[in-house]
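Below you'll find the structure, written out as structure tokens, and then a few comments.
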There are 2 protein chains.
Amino acid sequence: MAKTTQRASEVPPLPSDLPDLGAIVGYKLRRAQLWVFQDFNETFGRMKLRPAEFSVLALIGRNPGQKQTEVAEQLGIKRANFVALMDGLERRGLAERRKAEGDKRSHSLHLTSEGIAFVNRMMKVWHDHEKRLIDRLGGMAERDLLLDLLDRIVNPPSR
Amino acid sequence: MAKTTQRASEVPPLPSDLPDLGAIVGYKLRRAQLWVFQDFNETFGRMKLRPAEFSVLALIGRNPGQKQTEVAEQLGIKRANFVALMDGLERRGLAERRKAEGDKRSHSLHLTSEGIAFVNRMMKVWHDHEKRLIDRLGGMAERDLLLDLLDRIVNPPSR
DNA sequence: TATTGTTATACTCTATAACTATA
DNA sequence: TATAGTTATAGAGTATAACAATA
């Protein structure tokens, strides 16, 4: 008694409170994030730079000398997966591991001179990308508002 | 403690305009999205439900009868990858493909009776997850604000 | 010819366990 | 014993090409 079609009267009652996906924070967050990463990848495709690599270069550029595991942890990257990422940056001559003084197990991470030049070009390109995003949001005020709201998710205000 | 520091004189001039990663929209967006999906996966782990499956069930629950490729496209899922996802839902008895009338190539997607019951339970669990998120944001007003800002990224207001 | 669903496949990202050399 | 870095590996998620049935 398999039916291939059903009339409305035969259909069991559908859930009444099904929200539009557009009203679900996680869904919109994912769609927006995919859009931003896609724009990022189109913007940085010529420089062969991925989002994770961008974040590593920006972090050790601002705060050089941190240990490899510290950097990975701050970026939410498992230290095992960070190795190949750092290998790539080192192979391209952009960043380097130095033996940390005092602890022979650990490496401290730094930009090379070439890496510093690369990061300067990278930031110029990044400004185009970020401007495109800010324009879509409606302006700097909206960007600041978005940053604040996103921050509350990861670091909720105690109340 | 004797931290491994470097004297400024040894360091080549660093890029001057390197922003904190916390001020980069794409970075915070990614971190926030990862937090939400992690909370989602912890919340729905017992139901063996992934975010993509949630979105499919919610979509065909609200709008049954759409063609398989239409559903996939609305969710930003490649039709080739949608096949296995739909196979899984069908194997679990939650959703089904029906032969579409008129076009023998296409399938129209529907929830089963069991699927409807499942979705009702799913929405109860989802409310917990969403409440946790709204609490972090600070309330419904903040949630609405966030939804609006995220929507501008994907569907920018023409101006 | 074009489209729907499908298969096969490859590539990236992520997660875990286990090894090594130091501590 | 514990930790930093590493290797190996497996699992998701995602992207593309090509095919059969149908339009």
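Keep in mind it's a predicted model, so treat the numbers as computed, not measured.
The nearest whole Å value for the distance from the CZ atom in B:Phe82 to the P atom in D:dG13 is 14 Å. Atom pair A:Lys104:NZ and D:dT3:P shows a separation of 21 Å (rounding to whole Å applied). If you take CD of B:Gln38 and P of D:dA12, they are 16 Å apart, rounded to a whole angstrom. Remark: C1' of D:dT16 and CD1 of B:Ile77 are 17 Å apart, rounded to the nearest angstrom. In this structure, B:Phe54 places its CZ atom 16 Å from P of D:dG13, rounding to the nearest Å. Counting to the nearest Å, the P atom of D:dG13 and the CZ atom of A:Phe37 are 17 Å from each other.
Note on B:Val83 and B:Leu94: separate hydrophobic clusters, where clusters join Ile, Leu, Val, Met, Phe, Trp and Tyr whose side-chain heavy atoms are under 4.5 Å apart, directly or indirectly. Linking Ile, Leu, Val, Met, Phe, Trp and Tyr whenever their side-chain heavy atoms come within less than 4.5 Å puts B:Leu18 and A:Phe54 in one cluster. When hydrophobic clusters are built by joining Ile, Leu, Val, Met, Phe, Trp and Tyr residues whose side-chain heavy atoms come closer than 4.5 Å, directly or via intermediates, A:Val154 is not grouped with B:Leu21. No continuous path of ILVMFWY side-chain contacts below 4.5 Å connects A:Leu147 to B:Leu34, so the two sit in separate hydrophobic clusters.
Comparing the axis of the opening five pairs of the helix from C:dT1-D:dA23 to C:dA23-D:dT1 with that of the closing five pairs yields an angle of 10°, rounded to 10°.
A donor and an acceptor atom, one from each side chain of B:Arg30 and A:Ser55, are nowhere located under 3.5 Å apart.
The residues B:Asp151 and A:Arg31 are annotated as not salt-bridged, no charged nitrogen and carboxylate oxygen being separated by less than 4.0 angstrom. Salt-bridge annotation for B:Arg152 and B:Asp148: present, with a side-chain N of the basic residue lying under 4.0 Å from a carboxylate O of the acidic one. Using a 4.0 Å cut-off between charged nitrogen and carboxylate oxygen, B:Arg132 and B:Asp128 do not count as a salt-bridge pair.
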For nucleotides 5-11 of chain D, give me one character per nucleotide, 5' to 3': B if any protein heavy atom sits under 4.0 Å from the base, S if the only such contacts are to the sugar-phosphate, - if neither.
BBB----
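Heavy atoms from other residues, nucleotides or ligands lying under 6.0 Å from CD of B:Gln74 number more than 12.
Ranked by how close their nearest DNA chain D nucleotide is to the 5' end, B:Ala52 and B:Asp103 are led by B:Ala52.
Side-chain N or O atoms of A:Asp39 include none that pairs as donor or acceptor with a backbone N or O of A:Trp35 at under 3.5 Å.
The minimum heavy-atom distance between B:Phe118 and B:Arg92, with the atom names listed, is CZ-NH2, 3.9 Å.
No engagement by B:Gly76 is indicated, since no non-hydrogen atom pair under 4.0 Å with the nucleic acid exists.
For DNA chain C, the span of nucleotides reached by chain A at under 4.0 Å from its heavy atoms goes, 5' to 3', from C:dT12 to C:dA23.
When the side-chain nitrogen and oxygen atoms of B:Lys78 are compared with OP1 and OP2 of D:dA15, one or more of them lie within a distance under 4.0 Å.
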